**Q** 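Supplied in structure tokens, the structure appears directly below.
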Amino acid sequence: EAGVTQFPSHSVIEKGQTVTLRCDPISGHDNLYWYRRVMGKEIKFLLHFVKESKQDESGMPNNRFLAERTGGTYSTLKVQPAELEDSGVYFCASSQDFRGMGTGELFFGEGSRLTVL
Amino acid sequence: KQEVTQIPAALSVPEGENLVLNCSFTDSAIYNLQWFRQDPGKGLTSLLLIQSSQREQTSGRLNASLDKSSGRSTLYIAASQPGDSATYLCAVDTGANSKLTFGKGITLSVRP
């Protein structure tokens with residue numbers, strides 16, 4: 001069974017440009033999460049989808065970030081326009097279970113490294 | 001606001017040594033706690049998950065304990081090997097939609 005896959009693995013763009021990151025969760029996982037790690041900081045939550053609905057987007061830094069999950073399958077995270085402080089590693093995670101219905105264990109992808117110059 | 005601390009940031013030990021990695025959290029009202037491993041340039045691999053009602057979990061040479069009242073968890077690695085070299089991250093789920101709060105991680109180096 002394929003794990004969580006993310007694309008691209010590394011993206012280098014200039015300030016002001018747009019980048020779109022993609023995440024394919026484990027098949028059958030309704031819950032999809034985006035996390036981010038910027039240099040020297042801990043990994044932080046960005047948002048959570050349950051199927052195609054945004055359950056919690058409290059971690060999104062600002063309105064330059066837009067996440068979508070059309071059809072409840074893969075998700076995209078678009079940054080437009082990118083700023084220098086957006087550089088970091090963006091992780092996607094998925095889980096099958098939800099509150100009261102399992103362990104809540106998250107499975108992470110390998111991350112997409114974004115470098116904004 | 002939940003905060004997770006992992007100290008020290010880095011640790012170097014000789015092969016074969018038993019070691020303990022520490023994790024502390026400020027809010028004891030957690031749903032579960034997960035330990036992850038991250039190899040350079042790779043994603044996070046879940047090692048152990050402890051539910052709030054549990055005290056410990058074991059997998060092979062790894063044992064994780066949880067003391068909610070004191071806000072602490074430990075990851076015990078028995079008979080360490082060079083292949084155990086990686087960054088180990090502790091994360092707590094505070095019960096809000098499986099939104100994890102991470103520590104910064106401990107980078108472990110096991111010397112042959």
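Because the structure is predicted, anything quoted here is derived from the model rather than measured. Every chain is numbered from 1, with letters handed out A, B, ... down the list of sequences.
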**Q** Is there a side-chain contact between Arg37(A) and Leu89(B), using heavy atoms and a 4.5 Å cut-off?
**A**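 Yes. Closest side-chain heavy atoms under 4.5 Å.
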**Q** Indicate yes or no: at least one non-hydrogen side-chain atom of Leu49(B) is less than 4.5 angstrom from one of Leu106(A).
**A**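 They are not in contact (no side-chain heavy atoms under 4.5 Å apart), so the answer is no.
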**Q** For residues Ile43(A) and Val38(A): do they belong to one hydrophobic cluster (side chain heavy atoms under 4.5 Å, members Ile, Leu, Val, Met, Phe, Trp, Tyr)?
**A** no
**Q** Does any heavy atom of chain B fall under 4.5 Å from the side chain of Tyr35(A), the backbone, both, or neither of them?
**A**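 It is the side chain, since no backbone atom gets that close.
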**Q** Tell me, please, which residues at least two apart from Tyr88(B) pass ring pair (Phe, Tyr, Trp, His ring centres under 6.0 Å).
**A**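 Result, ring pair (Phe, Tyr, Trp, His ring centres under 6.0 Å) vs Tyr88(B): none returned.
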**Q** Less than 4.5 Å apart, side chain to side chain, heavy atoms only: is that true for Phe45(A) and Leu100(B)?
**A**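 A side-chain contact is absent here, since even the closest heavy-atom pair is not under 4.5 Å.
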**Q** Using heavy-atom distances under 4.5 Å, tell me whether Gln6(B) contacts chain A through its side chain, its backbone, both, or neither.
**A**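 For Gln6(B), no heavy atom lies under 4.5 Å from chain A.
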**Q** Taking Leu75(B) as the starting point, is it possible to reach Phe102(B) by hopping between hydrophobic residues whose side chains are less than 4.5 Å apart?
**A** no
**Q** Is Val19(A) reachable from Tyr90(A) through a run of I, L, V, M, F, W or Y residues, each pair having side-chain heavy atoms under 4.5 Å apart?
**A** yes
**Q** Side chains of Ser58(A) and Lys99(B): donor-acceptor distance under 3.5 Å anywhere?
**A**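 Looking only at side-chain atoms, Lys99(B) and Ser58(A) do form a donor-acceptor pair, the distance falling under 3.5 Å.
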**Q** Taking only heavy atoms into account, what residues of residues 108-117 of chain A are found under 4.5 Å from chain B?
**A**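 Phe108(A), Gly109(A), Glu110(A) fall under the 4.5 Å cut-off.
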**Q** Got more than 12 heavy atoms from elsewhere within 6.0 Å of CZ, Arg61(B)?
**A** yes
**Q** Mind listing the closest non-hydrogen atom pair of Phe91(A) and Lys42(B) along with its distance?
**A**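 Heavy atoms of Phe91(A) and Lys42(B) come nearest at CE2-O, 4.3 Å.
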**Q** Would Val89(A) end up clustered with Ile13(A) when hydrophobic side chains under 4.5 Å apart are linked, directly or stepwise?
**A** no
**Q** If you draw a 6.0 Å radius around NZ in Lys54(A), do more than 12 non-hydrogen atoms from other residues or ligands fall strictly inside?
**A**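 Yes.
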